[in-house]
Chemist: 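Before anything else, here's the structure in question.
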Amino acid sequence: MKDKSRFAPRRKPKRNPIDEGQFYIYGLHPVQAALANEGRVKHTLYATPNAIRRLEEEGAEINVKVKDVTPKRLDEMLGKDAVHQGAALHCKPIERQSFNGLEDAKLLLILDQVTDPHNVGAILRSACAFGADAVVTPARFTPQESGVLAKSASGALDWTPMIEVRNLGNAIQELKNMGFTCLGFDSEAPEELQAGGTSDKLAIVLGAEGKGLRQRTRELCDQMVRLDMPGPIKSLNVSNAAAIALFAATRK
């Protein structure tokens, strides 16, 4: 006799709201920044009483539904590796801004296929700290918003705009037409980065770990430079390189 269970209709899995373009931002700084961002759609804050108290002490305006949870419950929701500090905000990703409107910008970061969310988050954090106007990425080969990216950015995801473009080469050319000087970074470039750039409008162009900048991106940059590193290691993690480049570029 045939096993009829093989032909029984499968039950549809329960719909997970995260699968519908929603996710959790966790950690006190990222949650506080997300709560303050009027442009972000927010649903529910899952938090311990202690985390609520700490958010309120920092001046956070908690204007969403709150569910009291334990740290163990947050571990179950987010995974044990998530450093949630007792708070997780269920929300939607921010709608990426248009490339238009950068005419008045002075300092940009351009990421050429940097895909690690930890690196992109850390770069956003540095960009925010040094007053960059936006981070520009290609629509493909770039991480989407996630709890990992938001945590690595430590709030900068809601403070510094991320702009997605369909064709990075065309975007660089447009920026050059707007008066930006585009500096590409490579550990083997012939020239060293000089502190205090000569351009009033600067775009720092960084490539992916290992691969670096693509050939077309290199060709479009006004200049290829390297960081001056006298030690035996001549290359850095892309997020560290971004921080040093921003520091050098903004020194007058």
Chemist: When you check the gap from the basic side-chain N to the acidic O, do Arg53 and Glu56 get nearer than 4.0 Å?
Modeler: no
Chemist: Report yes or no: does Arg40 contribute a side-chain atom to a donor-acceptor pair with the main-chain N or O of Lys92 at less than 3.5 Å?
Modeler: yes
Chemist: Quick one: does Lys42's side chain have a donor or acceptor within less than 3.5 Å of a partner on Asn37's backbone?
Modeler: yes
Chemist: At what distance, to the nearest 0.5 angstrom, does CZ of Phe23 lie from CD of Glu145?
Modeler: 4.5 Å
Chemist: Pair Gln173, Leu220 - check side chain to side chain contact (heavy atoms under 4.5 Å, CB included), show working.
Modeler: CA-CA 7 Å; Gln173 188 59 61; Leu220 286 167; 3.6 Å; yes
Chemist: When you look at Arg218 and Arg214, which way does the side chain to side chain contact (heavy atoms under 4.5 Å, CB included) test go after all the steps?
Modeler: CA-CA 6 Å; Arg218 291 168 177 270; Arg214 290 174 293 170; over 6 Å; no
Chemist: Please step through side chain to side chain contact (heavy atoms under 4.5 Å, CB included) for the pair Leu206 and Leu109, ending with a clear verdict.
Modeler: CA-CA 8 Å; Leu206 299 162; Leu109 266 77; 4.2 Å; yes
Chemist: Answer with yes or no whether the hydrophobic clustering places Val31 together with Ile62; edges join I, L, V, M, F, W, Y residues whose side-chain heavy atoms lie under 4.5 Å apart.
Modeler: yes
Chemist: So which heavy atom on Ala243 is nearest to which on Phe130, and how close?
Modeler: O-CE1, 3.9 Å
Chemist: So, applying side-chain contact (heavy atoms from CB on, under 4.5 Å) with Leu111, which one of Val205, Asn119, Val135 is it?
Modeler: Val135
Chemist: Go through the side-chain N and O atoms of Asn50 and Thr48 and say whether any donor and acceptor fall under 3.5 Å apart.
Modeler: no
Chemist: Is any side-chain heavy atom of Leu236 less than 4.5 Å from a side-chain heavy atom of Ile244?
Modeler: yes
Chemist: Does any non-hydrogen side-chain atom of Thr142 lie less than 4.5 Å from one of Thr115?
Modeler: no
Chemist: Quick one: does His118's side chain get under 4.5 Å of Val148's, heavy atoms only?
Modeler: yes
Chemist: Do Arg251 side-chain atoms and Phe247 backbone N/O form a donor-acceptor pair below 3.5 Å?
Modeler: yes
Chemist: Identify the two heavy atoms, one from Glu188 and one from Asp186, that lie closest to each other, and give their separation to 0.1 Å.
Modeler: N-OD1, 2.7 Å
Chemist: Output yes when a side-chain donor or acceptor of Gln113 lies under 3.5 Å from a complementary backbone atom of Phe141, and no otherwise.
Modeler: no
Chemist: Might you confirm whether atom CD of Glu57 has over 12 heavy atoms from other residues, nucleotides or ligands at distances under 6.0 Å?
Modeler: yes
Chemist: Atom CD of residue position Glu103 - does it have more than 12 heavy atoms of other residues, nucleotides or ligands inside 6.0 Å?
Modeler: yes
Chemist: Taking the side chain from Arg226 and the backbone from Ala189, do they hold a donor-acceptor pair closer than 3.5 Å?
Modeler: yes
Chemist: In terms of hydrophobic clustering (I, L, V, M, F, W, Y; side-chain heavy atoms under 4.5 Å; direct or indirect links), are Leu107 and Trp159 co-clustered?
Modeler: no
Chemist: Looking at Leu183 and Cys221, what are the two nearest heavy atoms and their distance?
Modeler: C-SG, 4.4 Å
Chemist: How long is the straight-line distance from CD of Gln223 back to CG of Leu193, given to the nearest 0.5 Å?
Modeler: 8.5 Å
Chemist: Can you see whether Phe180 has Lys201 sitting over its ring - NZ or CZ less than 6.0 Å from the centre and within 45° of the normal?
Modeler: yes
Chemist: Would you say the side chain of Leu74 lies within less than 4.5 Å of the side chain of Tyr26, judging by non-hydrogen atoms?
Modeler: no
Chemist: Any idea how Tyr46 and Tyr24 line up, ring-wise: parallel (<30°), tilted (30 to 60°), or perpendicular (>60°)?
Modeler: perpendicular
Chemist: Mark yes when over 12 heavy atoms from residues, nucleotides or ligands other than Asn177 sit less than 6.0 Å from its CG; otherwise mark no.
Modeler: yes
Chemist: Once rounded to the nearest 0.5 Å, what's the spacing between atom SG of Cys91 and atom CD1 of Ile25?
Modeler: 4.0 Å
Chemist: Got a second to check how far Gln22's CD is from Leu89's CG, nearest 0.5 Å?
Modeler: 11.0 Å
Chemist: Any side-chain donor-acceptor pair under 3.5 Å between Asp112 and Thr217?
Modeler: yes
Chemist: Quick check on the hydrophobic clustering: are Leu28 and Val66 connected, directly or via other members, by side-chain heavy-atom contacts under 4.5 Å?
Modeler: yes
Chemist: Checking side chain to side chain contact (heavy atoms under 4.5 Å, CB included) for the pair Leu175/Leu102: CA distance, chi angles, key distance, verdict?
Modeler: CA-CA 8 Å; Leu175 289 173; Leu102 289 179; 4.2 Å; yes
Chemist: For a quick test of your reading: what N or O donor-acceptor pairs under 3.5 Å do the side chains of residues 160-169 make, sequence neighbours left out?
Modeler:
from	atom 1	to	atom 2	distance (Å)
Glu164	OE2	Arg96	NH1	2.8
Asn167	OD1	Gly169	N	3.0
Asn167	OD1	Asn170	N	2.9

Chemist: Compare every heavy atom of Gly27 with every heavy atom of Lys151, then report the nearest pair and how far apart it is.
Modeler: NZ-CA, 3.9 Å
Chemist: Do Leu246 and Leu227 land in one hydrophobic cluster if side-chain heavy atoms of ILVMFWY residues count as linked below 4.5 Å?
Modeler: yes
Chemist: Which heavy atom of Leu55 sits nearest to which heavy atom of Gln32, and what is that distance?
Modeler: CD2-CB, 4.0 Å
Chemist: Which pair of non-hydrogen atoms, one from His84 and one from Leu78, has the smallest distance, and what is that distance?
Modeler: CB-CD1, 3.7 Å
Chemist: Could you tell me whether a side-chain N or O of Asp75 sits under 3.5 Å from a main-chain N or O of Lys80, the two making a donor and an acceptor?
Modeler: no
Chemist: So do Ile204 and Ile110 actually touch side chain to side chain, heavy atoms under 4.5 Å?
Modeler: no
Chemist: Measure the NZ-NE2 distance between Lys65 and His90 for me, rounded to the nearest 0.5 Å.
Modeler: 10.0 Å
Chemist: Can you check whether Leu108's main-chain N or O pairs, donor with acceptor, with Asp133's side chain at less than 3.5 Å?
Modeler: no
Chemist: Should Glu58 and Arg54 count as an ion pair when the cut-off is N to O under 4.0 Å?
Modeler: no
Chemist: Let me confirm one number: the CG-OG distance from Asp116 to Ser152, rounded to the nearest 0.5 Å.
Modeler: 8.0 Å
